[in-house]
Amino acid sequence: MSLNRVSSLETFAIVAGDQRSRRSSDASARARKLSFNPLPQSWDPAPTLDQVQAVGAFEVPKWKRILQVTVTVIYCFFAAGVVFGYAAIKPVLKKEGAYRDVCSAPGDPVGEDTCVEIHLNLMFTVAAVATNVAALPIGAILDHYGPRVCGLLGSFFLAAGALLMAFENRLPFDGLLFGYLFLALGGPFTYISSFQLSNAFPRNSGFILALLTGAFDASSALFLVYRVIYERTGGEFGHRQFFVAYLIVPAAIVVAQFVLMPAQSYKTVGELVEEIEEPYADPEPYDQIDEHTALLQEESRQHHAEVVSNIQELLGSTKADKQARREERKNEISGVWGIMHPFSAWEQITSPWFILICVFTVIQMTRINYFVATIAPQYEHLFHSHDKAVAINNFFDLALPLGGIISIPFIGLILDHTSTVTVLTTLVVIATSIGLFGIIPEMWAAYANICLFVLYRPFYYTAVSDYSAKVFGFRTFGTVYGTIICMSGLFNFSQSGLDYLFHVTFRNDPVPVNVLLLSMGFAVGVAMVLFVAIKVRGIKRKMLEQEAQSAFASPRWNN
C-alpha cells in the first residue's frame, strides 16, 4: 500500500547562488507550499487557477475550523484506507462464495480454492495499484480545483464501489474487482485533499496531520469490525447488507462538503507571514487627497492592521525566522538536504539518487502488499495448521491499524533527529529482519514478523516522502514522489505472478518467493545505503575544505 505522509505542508525556499544555499534557509525568501501536482511547472498546460484562492484561517470562526477537522478525521476513518483491511474481509468473501462461479469448472489445473485465492488477490492488487497511480491526477486536481472537488469525487467513487460490491452477483462483469477498485480510488481523493486542514490551526498543524494519518491507518480496521459482526450474526449480515449500509459514508461526505468543509485550501504559515511582511501600499500624494480618498485610505489602513493582528494571533509566537532556523537544523542533520535541488525534474529522475530509492520502493511495496494478500495461506503452510494460521491472521487484522497509530509520534522524531543514511540503514535492517522472520516456522517468529511489519509499513512510506523532499526539493516534489509511487504501484501487478509461483509452482510453499523478495530488497538496499553514505561523506569533506579555504583567506590571516 501507499500513503502520502508529510510532516509539514511548506518549507522555506533557498536563495540560489549562495555558497551555503544547500545548508541554509533565508527567512525572507518566499515560502513554498508543498504540491502533489505531478506535472513540472514548465509542462503544466494549466497554471494553478486563481478562482480557488487560499483563505486565511483567521477568516473562518474557530468553532467551525474545529468542527471541520473533527468531521474530516471521522470520515477519513471510514473512507481513507478501508481497502487495506483486505486480510479481514477476505474470509467473509470466501464464505459468501466469491468467484465460485468462475472457479468451479471441472478439470481446472489449479483447483477451486487456489483459483478463488488468486482471483481475490488480483482484486486487492488492482486496488493497491489504483491507490498509488491515483496520487498523480489527485495532485493536479487538488492544486487546480481545491479540496471540495476532490472530496466530491472521492464520495462518488466510494458510492460506486459500494454499489458494485453489494450487487456483484447481478452484474455481467466482475463486480468485486471493479467495486474494490472504486473503493480504492475514493480513499486517496478523500485523504490527500484533507491535508490542507492542518493549516486551519498552524500552531497545531503537526497534531492535525498526525490525526489524519492515524485515521488513515485505523480505517483498515473497518472490515475487521464488519467481519466480527458477520461472524456474530452467523452470516446473516452479509457483504451485500454491509456495503448497502456503507453508502451512508459517501452521502455524509457530500453533505459535509457543501455544508461545512471549505471549497478553498487554507493558507500556509509562509503565505500568512508574507501577508504580514508585505509592505503597505504608499498613500496618494498629499495634493491629490480629497475627503473621500482620505476616508478610503483610513479604512484600508485599518483593514490591513486588523488582518496583521489576526494573523499574529493565529500564529502565536511562530515567526518566519524561528521556523527557518528549526528547518535548518533538521536539514543539517539529514546530510542530504538540497543535493539535487538545482536540477530539473528530468535530471533528478535519471540520477542514481532517484533510481535506487525507486527500485527499493518497488520491491518493498510489492513485499508489503503481497504479505497483506497472502498472510493466512503462508502461515497455514508453514505451520501445517489452519487454526494457527487463523489466529495469526486475526492478530494481524488488529495489529495493522494499531501499528500505524502507535508509530506516528516516533516516526517524526526519527526523521527529524537522525541522518538520512541512518534512516535508510534502519529501513534495510528492518526489511531484512521481516524477511527472515517470515520464513521461520515458529509462532514467536510469526508474531515478531507481524509486529515489525505493522510498524515498518508507515515508517517506510513516510521515510520515502521525507527523502524525496530533502534530496529533490519541494519544487519538484509532486513529480518525483508521484513517479516513485506510480512506478511502484504499476510494478505491483507482478504480485499476480508471485501468487502463481506461490500457489502453483511451489505448491503453497511461501519460502522460495519470500527468499527471492528478501534477497532483491537486501541487495538494492545495501547499494542504496552505500551510495548515499559515500556521497554524504564526499559532501562533508568538500564543505570542510571550503571552510578551511575561507578561514585562511579571511583578513586576520593576511595581517
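Values below: every heavy atom of this structure, side chains too, minus hydrogens, waters and symmetry copies. Throughout, numbering of the chain's residues begins at 1 and tracks the sequence.
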* To do: Just do the side-chain contact (heavy atoms from CB on, under 4.5 Å) check on N369 and T125 with the steps written out, would you?
  => CA-CA 7 Å; N369 290 332; T125 299; over 6 Å; no

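Residue pairs that meet the salt bridge (Lys or Arg N to Asp or Glu O under 4.0 Å) test with at least one member in residues 75-93, sequence neighbours left out, are K90-E117.
Between the side chain of R65 and the backbone N or O of V60 there is at least one donor-acceptor pair closer than 3.5 Å. Judged purely by atom type and a 3.5 angstrom limit, R148 uses its side chain to pair as donor or acceptor with the backbone of M261. Judged by distance alone, the side chain of R457 and the main-chain N or O of G403 form no donor-acceptor pair under 3.5 Å. Formation of a donor-acceptor pair under 3.5 Å by the Y180 side chain with backbone atoms of M165 is not found in this model. The backbone N or O of Q241 sits nowhere less than 3.5 Å from a side-chain atom of Y246 that would complete a donor-acceptor pair. In terms of modelled atom types and a separation under 3.5 Å, the side chain of Y230 and the main chain of I89 share no donor-acceptor contact. Between the side chain of Q348 and the backbone N or O of V480 there is no donor-acceptor pair closer than 3.5 Å.
Between L120 and A98, the shortest heavy-atom contact is CD2-CB, 4.2 Å. Closest of all the heavy-atom pairs between L260 and K64 is O-CE, 3.6 Å. Here the closest non-hydrogen pair linking I405 and G214 is CG1-O, 3.8 Å. Shortest non-hydrogen contact noted between A87 and R227 is O-NH1, 4.2 Å. The minimum heavy-atom distance linking G521 with Q364 is given by the pair CA-NE2, 3.9 Å.
Counting only N and O atoms by type, the side chains of N121 and Y370 include no donor and acceptor under 3.5 Å apart.
Using a 4.5 Å heavy-atom threshold, the side chains of I138 and Y191 count as separate. Using a 4.5 Å heavy-atom threshold, the side chains of F84 and T131 count as touching. Looking at I141 and F189, their side chains come closer than 4.5 Å, going by heavy atoms from C-beta outward. You'll find the side chain of I375 reaches within 4.5 Å of the side chain of I450, heavy atoms only. Taking the side chain as every heavy atom from C-beta outward, P401 and D217 never approach each other to under 4.5 Å.
With rounding to the nearest 0.5 Å, the separation of CD1 in I414 from CG in D466 is 11.5 Å. With rounding to the nearest 0.5 angstrom, the CG atom of L402 is 10.5 Å from the CG atom of L455.
Checked against the 6.0 Å centroid threshold, F371 and F396 count as a close aromatic pair.
Taking the six-membered ring where tryptophan is involved, the planes of F243 and F223 are perpendicular, since the angle between them exceeds 60° and thus also 30°. Using bins of under 30°, 30° to 60° and over 60° for the plane-to-plane angle, the ring pair F242/F237 lands in the perpendicular bin.
Paired with Y456 under the rule ring-ring contact (aromatic ring centres under 6.0 Å, His included), one option of F459, F453, Y460 passes, and it is Y460.
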Hey, can you pull the donor-acceptor pairs under 3.5 Å for the side chains in residues 70-77, sequence neighbours left out?
unit_1, atom_1, unit_2, atom_2, d
T70, OG1, I66, O, 2.8
T72, OG1, Q68, O, 2.7
Y75, OH, Q257, NE2, 3.3

